[in-house]
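Input: a single structure, listed below in structure tokens.
Numbering of residues begins at 1 and proceeds along the displayed sequence.
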Amino acid sequence: MLYGTLAPSPGQPDGTAASRTATPPRVAPAEALPPAPVLPRIKVLHVVTRFRAGAGDDTPLAAEGTDPDRYEVWVAGVPSGDLWEPARAAGVRTLETPGFRHALGPADVLVLGRLVRLIRRERFTLVHTHAAKGRSLGRVAARLCRTSVVVHTVHGPSFHPYTARPGRTAYRGLGRVTRRLARRLLAPAPRGAGAAGERPAPPDRARAMPSAARPAGVPGEFDPAARALLGVSRKTALVGTVGGVDTREAPLAFVRMAAAVRAHHPDTAFVVIGDGPPAGEVRRLAADLDVEVTVTGRRPDTGRLVAGLDVFVTTSLREGAGRALTEALTAARPVVATAVHGVPDLVEHGATGLLVAPADPGGAARAVGWLLDHPREAAEMGRKAGRRVRAALAPEGGRGAAGVRRRPGRPAAGRVPGVAPGS
């Protein structure tokens with residue numbers, strides 16, 4: 001995904017090494033030649049926090065798009081998560097690290113020791129950190145082991161304006177302490193490159209680098225079969241969202257938006273595709289506001305289900321670029337999204353969707369109502385978004401994201417639109 005861009009060669013606009021693109025074909029079939037020696041592979045370690053669908057998808061996709069003859073990809077992170085098995089199936093070496101937790105705690109010292117031992121034993125060339133805890137522990141461990149290259153991806157700031165002050169203070173402190181321990185800061189969209197004030201690295205070391213994404217399995221238009229899977233009649237307008245149902249995604253704001261929309265569009269149904277600790281709060285608030293909101297629980301087919309929505313809504317308080325949002329745009333769904341961090345790089349207000357302020361369910365309700373009242377304009381926004389995203393995700397010359405050669409027979413991974421590599 002990004003490994004071909006760490007040392008770009010002159011004259012290569014996509015950042016790939018000239019020696020790879022200019023390699024001539026063999027003069028004879030491999031089986032007719034004397035056996036070649038086994039060359040050492042570049043070892044890459046991803047240190048992640050929550051290894052689950054969403055930003056965590058980048059690592060399995062990176063493994064699929066990385067030449068296995070040149071790279072050996074590892075991932076270490078918090079035990080549990082729905083991506084460990086897919087990562088192993090993609091050829092990633094995995095280490096569900098005991099004691100690793102999302103929240104700060106005394107066990108972090110033990111986790112740091114385990115990461116140091118792992119890095120020293122395996123001698124990784126590159127350590128790639130993700131999220132606040134992964135950033136801090138991974139960078140410190142890599143520095144203690146004198147790892148050659150350390151990069152960090154900001155999938156979204158570790159805090160937002162509504163985070164309690166102690167949390168903001170702790171995350172800012174971690175950012176200041178560790179920001180110079182990475183050679184490069186990557187963000188999935190240009191607006192995320194500044195890390196929204198988190199400042200884990202100086203601006204001259206920040207670069208926009210789109211996430212890998214894969215449109216396979218996401219219909220390019222409304223899918224009646226997906227609507228049937230959600231159990232909602234085609235005659236009923238369906239407004240939905242996708243996510244892990246955690247506090248940063250503001251699921252209660254979605255419920256309040258739904259209640260406001262229902263007041264003017266009583267025949268509208270609402271669905272949250274996902275699950276998480278606040279799911280009970282979602283159901284209780286929906287009951288209090290007398291609006292029915294279905295919470296599906298975790299589903300492996302979210303990319304298909306979004307194609308059954310009439311309007312896709314994201315109420316997130318912080319977001320890198322939004323994988324679920326990208327899938328909704330790929331499916332040509334009209335979208336309403338909060339204008340946070342990298343989202344405006346994907347959604348152009350009035351052209352490929354509508355943007356609203358975060359923590360404003362009333363504003364989101366007005367935007368959803370406008371789309372429901374203007375179905376022709378909403379459909380045109382969806383079509384424009386779908387064409388834009390699918391064009392950006394199309395494979396280019398047999399390469400996946402950021403110019404990395406794909407494995408033969410593997411599905412293509414593409415670039416999220418709105419971001420130019422190396423910008």
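Arg114 places none of its side-chain heavy atoms less than 4.5 Å from the side chain of Leu95. Looking at heavy atoms from C-beta onward, Glu327 lies out of side-chain contact with Leu325 at the 4.5 angstrom threshold. When side chains are defined from C-beta on, Met381 counts as touching Leu354, because their heavy atoms get closer than 4.5 Å. Using a 4.5 Å cut-off on side-chain heavy atoms (C-beta onward), Phe100 and Leu137 make contact. With a 4.5 Å cut-off on side-chain heavy atoms, Arg283 and Val293 do not count as touching. The shortest distance between side-chain heavy atoms of Arg304 and Leu229 falls below 4.5 Å. With contacts defined as side-chain heavy-atom distances shorter than 4.5 Å, the pair Val47/Val127 qualifies. Within the 4.5 Å cutoff, side-chain heavy atoms of Val368 are placed close to those of Met257.
Side-chain atoms of Arg227 do not come within 3.5 Å of backbone N or O of Leu309 as any donor-acceptor pair. Panel note: side chain Asp223, backbone Ala307; no donor-acceptor pair is recorded below 3.5 Å. Between the side chain of Thr315 and the backbone N or O of Ala250 there is at least one donor-acceptor pair closer than 3.5 Å. For the pair Thr296 (side chain) and Gly274 (backbone), a donor-acceptor distance under 3.5 Å is present. Between the side chain of Thr241 and the main chain of Val313, a donor-acceptor pair closer than 3.5 Å is present.
For Glu221, the CD atom sits in a loose shell: 12 or fewer heavy atoms of surrounding residues, nucleotides or ligands are nearer than 6.0 Å. For Arg146, the CZ atom counts as loosely surrounded, since its 6.0 Å shell holds 12 or fewer non-hydrogen atoms of other residues, nucleotides or ligands.
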**Prompt:** Are Val78 and Phe51 close enough, and set up right, to give a side-chain contact (heavy atoms from CB on, under 4.5 Å), and what steps lead you there?
**Reply:** CA-CA 7 Å; Val78 174; Phe51 198 40; over 6 Å; no
**Message:** The test is side-chain contact (heavy atoms from CB on, under 4.5 Å); show your working for Asp345 and Val343 and say whether it passes.
**Reply:** CA-CA 5 Å; Asp345 290 313; Val343 172; over 6 Å; no
**Request:** Verify side-chain contact (heavy atoms from CB on, under 4.5 Å) between Val389 and Thr326, making sure each step is shown before the conclusion.
**Result:** CA-CA 8 Å; Val389 174; Thr326 302; 4.2 Å; yes
**Request:** Give the intermediate values and the outcome of side-chain contact (heavy atoms from CB on, under 4.5 Å) for residues Leu372 and Val311.
**Result:** CA-CA 8 Å; Leu372 294 176; Val311 180; 4.0 Å; yes
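Closest approach of Leu118 to Trp74, counting heavy atoms only: CD1-CZ3, 3.8 Å. Heavy-atom minimum distance, His349 versus Leu355: ND1-N, 2.9 Å. Nearest approach of Ala328 to Phe312, heavy atoms of both residues: CB-CG, 3.5 Å. The two residues Leu329 and Thr352 come nearest to each other via the heavy atoms CD2-O, 3.8 Å. Looking at every heavy atom in both residues, Ala332 comes nearest to Gly220 through CB-O, 3.5 Å. Taking every heavy atom of both residues into account, Ala359 and Leu317 meet most closely at N-CD2, 4.0 Å.
For Pro300, there are no side-chain contact (heavy atoms from CB on, under 4.5 Å) partners, not counting sequence neighbours. When the side-chain contact (heavy atoms from CB on, under 4.5 Å) test is applied to Arg88, the partners found at least two apart in sequence or on another chain are Trp84, Glu85, Thr94, Glu96.
No hydrogens or angles considered: nothing links the side chains of His130 and His152 as a donor-acceptor pair under 3.5 Å.
Distance check, rounded to the nearest 0.5 Å: CG of Leu230 to CD1 of Ile273 gives 5.0 Å. Taken to the nearest 0.5 Å, the CG atom of Leu45 stands 10.5 Å off from the NE2 atom of His128. Atom CG of residue Leu126 and atom OG1 of residue Thr147 lie 9.0 Å apart, to the nearest 0.5 angstrom. Taken from CZ in Arg117 to CG in Leu112, the straight-line distance is 9.5 Å, to the nearest 0.5 Å. How far CZ of Phe124 is from SG of Cys145: 10.0 Å, rounded to the nearest 0.5 Å.
For the side-chain contact (heavy atoms from CB on, under 4.5 Å) criterion with Val271, the lone passing option out of Val232, Thr294, Val242, Leu305 is Thr294.
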If you look only at distance, which donor and acceptor atoms sit under 3.5 Å apart when one is on a side chain in residues 25-43 and the other is two or more places apart or in another chain?
unit_1 : atom_1 : unit_2 : atom_2 : d
Arg41  : NH1    : Pro68  : O      : 3.0
Arg41  : NH1    : Tyr71  : O      : 3.4
Arg41  : NH2    : Glu72  : OE1    : 3.2
Lys43  : NZ     : Glu122 : O      : 3.1
Lys43  : NZ     : Glu122 : OE1    : 2.4

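Of the charged side-chain nitrogens involved, none lies within less than 4.0 Å of a carboxylate oxygen, so that Arg256 and Asp360 do not count as a salt-bridged pair. Comment: Glu348 engages Arg388 in a salt bridge, judged by a side-chain N to carboxylate O separation of less than 4.0 angstrom.
Note that Arg234 lies in the cation-pi zone of Phe222, set by a 6.0 Å cut-off to the ring centre and a 45° limit from the axis.
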